[in-house]
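Here the structure is a predicted model, which is why all the values come from computation and not from measurement. Just so we're on the same page: letters track the sequence lines, and every chain starts at 1.
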Protein chains: 2
Amino acid sequence: MFSLDTAASPPPDPRQALARADALCQERGVRLTELRRRVLEILWNSPTPLGAYAILDVLREDGRTGAPPTVYRALEFLLEQGLIHRLTSQSMFTGCRQPGSRHDGQFLICQDCGQVDELNNPAIEELLRAEAAAREFEALAQRVEVLGRCPDCRRGAIDHAA
Amino acid sequence: MFSLDTAASPPPDPRQALARADALCQERGVRLTELRRRVLEILWNSPTPLGAYAILDVLREDGRTGAPPTVYRALEFLLEQGLIHRLTSQSMFTGCRQPGSRHDGQFLICQDCGQVDELNNPAIEELLRAEAAAREFEALAQRVEVLGRCPDCRRGAIDHAA
DNA sequence: TCGGAAATTGTTATTTTATAACAATTGTTA
DNA sequence: TAACAATTGTTATAAAATAACAATTTCCGA
Ligand SMILES: [Zn+2]
Ligand SMILES: [Zn+2]
Ligand SMILES: [Zn+2]
Ligand SMILES: [Zn+2]
């Protein structure tokens, strides 16, 4: 174990990622419908996480009709399939950087520009699992978010994301 | 280091805890007013975290007049002073179990009964700090929550909190 | 002790996030 | 094609959080 998989992957190329999502859903026997696929694409195309209503706006720009439940249901599906993550401290959603194997992830969230970096540090996950186990607590999910300033914003390079 | 301070402390005795909060605020030169003190008491008296509107209901039972901003401002003060924590995944607040030294804490949240256990595992905190530092990310706060089922609920002892 | 600035609380209105309930449509299968 | 399940559309509402401004209280110096 000379190189733990803690590296924050770059955002995936949306094309490849979507093709992979198609394959994954087919394997699993679930339907990545037009709507769900589009929501996933919107999230993967966005440089920052998006709220449900921001996604809804994009869908409407597409010409599609819809209301909040439309978006929330698509998001629910994508969460179940591990294709996106919910950032609970922000009430926002972001496309997963390593879809395929289910995980909760850890996130570095810039409070200035909104950019997010996804980590998957097994040591952190394991420590939390151990703490839970020591207390006979059945751990079902983890929400781990670090709030602060990204390298770009520390250098004053970027002010605020669009 | 034979015994790291990762033990989840029991909820403090509200009387003692409030006296301590009084002292802390005096030291710091900030005012733990009637309202703020009462909100803190409500949280420490509650077996489970409370939402802002639930706190507002209790305040109204007290006979006090008020609206959401009243509660949110009190909560903001208590958060700043490290006397309470916000559980972002639940939109709820809980009294801190180890007030005095500022920390973000880690929380085991039971999805069945709502009970919460507060941990303060320095190793987890440190790992997150290290991950952030490795990416030149300035970490300002951490949100660490584990969702699942508490020991009581696993044994079917308790169904749902009031 | 009086008056003015600052901090705190009250009040009204609104925004933002999320869900409930039911109808319409689409897909699947017998 | 008829029946059934899954998905999406639609309307309405609930729940969480904040904006803006007024009233009150506290603090401090004149
Ligand atoms: Zn991921
Ligand atoms: Zn940034
Ligand atoms: Zn605490
Ligand atoms: Zn429980």
Item to complete: Starting at the 5' end of nucleotides 16-21 of chain C, put B wherever the base has a protein heavy atom under 4.0 Å, S where only the sugar-phosphate does, and a dash everywhere else.
Response: -BBBBB

Practice prompt. Please determine if a side-chain N or O atom of A:Thr70 lies less than 4.0 Å away from the OP1 or OP2 oxygen of D:dT10.
Written response: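 Checking D:dT10 against A:Thr70, no side-chain N or O comes under 4.0 Å of OP1 or OP2.
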
Worksheet item: Can you tell me if the side-chain N/O atoms of B:Thr65 get under 4.0 Å from OP1 or OP2 in C:dT9?
Response: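 Answer is no, no contact under 4.0 Å.
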
Rounded off to whole Å, could you give me the [atom1]-to-[atom2] distance for the [X] and [N] pair?
X: B:Leu59; N: C:dT8; atom1: CG; atom2: P; answer: 17 Å
X: B:Arg37; N: C:dT8; atom1: CZ; atom2: C1'; answer: 18 Å
X: B:Arg64; N: C:dT8; atom1: CZ; atom2: C1'; answer: 11 Å
X: B:Arg60; N: C:dT11; atom1: CZ; atom2: C1'; answer: 11 Å
X: B:Leu79; N: D:dT18; atom1: CG; atom2: P; answer: 11 Å
X: B:Glu34; N: C:dA7; atom1: CD; atom2: C1'; answer: 17 Å
X: B:Phe77; N: C:dA7; atom1: CZ; atom2: C1'; answer: 12 Å
X: A:Leu78; N: D:dT7; atom1: CG; atom2: C1'; answer: 14 Å

Discussion item. Taking side chain to side chain contact (heavy atoms under 4.5 Å, CB included) as the definition, give me every residue that meets it alongside B:Pro47, ordered by chain and number, with sequence neighbours left out.
Written reply: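 Listed in chain order: nothing, the list is empty.
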
Return all side-chain donor-acceptor pairs below 3.5 angstrom for residues 140-151 of chain B, not counting sequence neighbours, or 'none' if the list is empty.
residue  : atom : partner  : partner atom : Å
B:Gln142 : NE2  : B:Glu125 : O            : 3.1
B:Glu145 : OE1  : B:Ser89  : N            : 3.1
B:Glu145 : OE1  : B:Ser89  : OG           : 2.5
B:Glu145 : OE2  : B:Thr88  : N            : 2.7
B:Glu145 : OE2  : B:Thr88  : OG1          : 3.2
B:Arg149 : NE   : A:Glu138 : OE1          : 3.0
B:Arg149 : NH2  : A:Glu138 : OE1          : 3.4

Discussion item. Quick test of your reading: applying salt bridge (charged side-chain N to carboxylate O under 4.0 Å, His left out), list the pairs with at least one residue in residues 22-34 of chain A, sequence neighbours left out, ordered by first then second residue.
Written reply: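 Listed by first then second residue: A:Asp22-A:Arg37.
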
Item to complete: If a pair satisfies salt bridge (charged side-chain N to carboxylate O under 4.0 Å, His left out) and one of its residues is in residues 69-84 of chain A, list it, with sequence neighbours excluded.
Response: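 Pairs touching residues 69-84 of chain A that pass the test: none.
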
Residues in side chain to side chain donor-acceptor pair (under 3.5 Å) with [X], at least two apart?
X: B:Asp57; value: none
X: B:Thr70; value: none
X: A:Glu126; value: A:Arg129
X: B:Gln106; value: none

Worksheet entry | Side-chain cluster (under 4.5 Å, hydrophobic types only) that A:Met92 belongs to, other residues |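 Members besides A:Met92: none; it forms no cluster.
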
Practice prompt. Would you mind reading off the bend of the helix from C:dT1-D:dA30 to C:dA30-D:dT1 from its two end axes, five pairs each, to 10 degrees?
Written response: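 Axis-to-axis angle, ends of the helix: 20°.
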
Worksheet item: Cluster question for you: counting only ILVMFWY and a side-chain heavy-atom cut-off of under 4.5 Å, with indirect links fine, are B:Leu83 and B:Val39 together?
Response: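 Yes; B:Val39 is reachable from B:Leu83 via cluster members.
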
Practice prompt. Decide if the gap between the ring center of B:Phe107 and the ring center of B:His85 is smaller than 6.0 angstrom.
Written response: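 Ring-ring flag for B:Phe107/B:His85: true, centres closer than 6.0 Å.
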
So which protein nitrogen or oxygen atoms get under 3.5 Å of nucleotides 27-30 of chain C's nitrogens or oxygens?
none

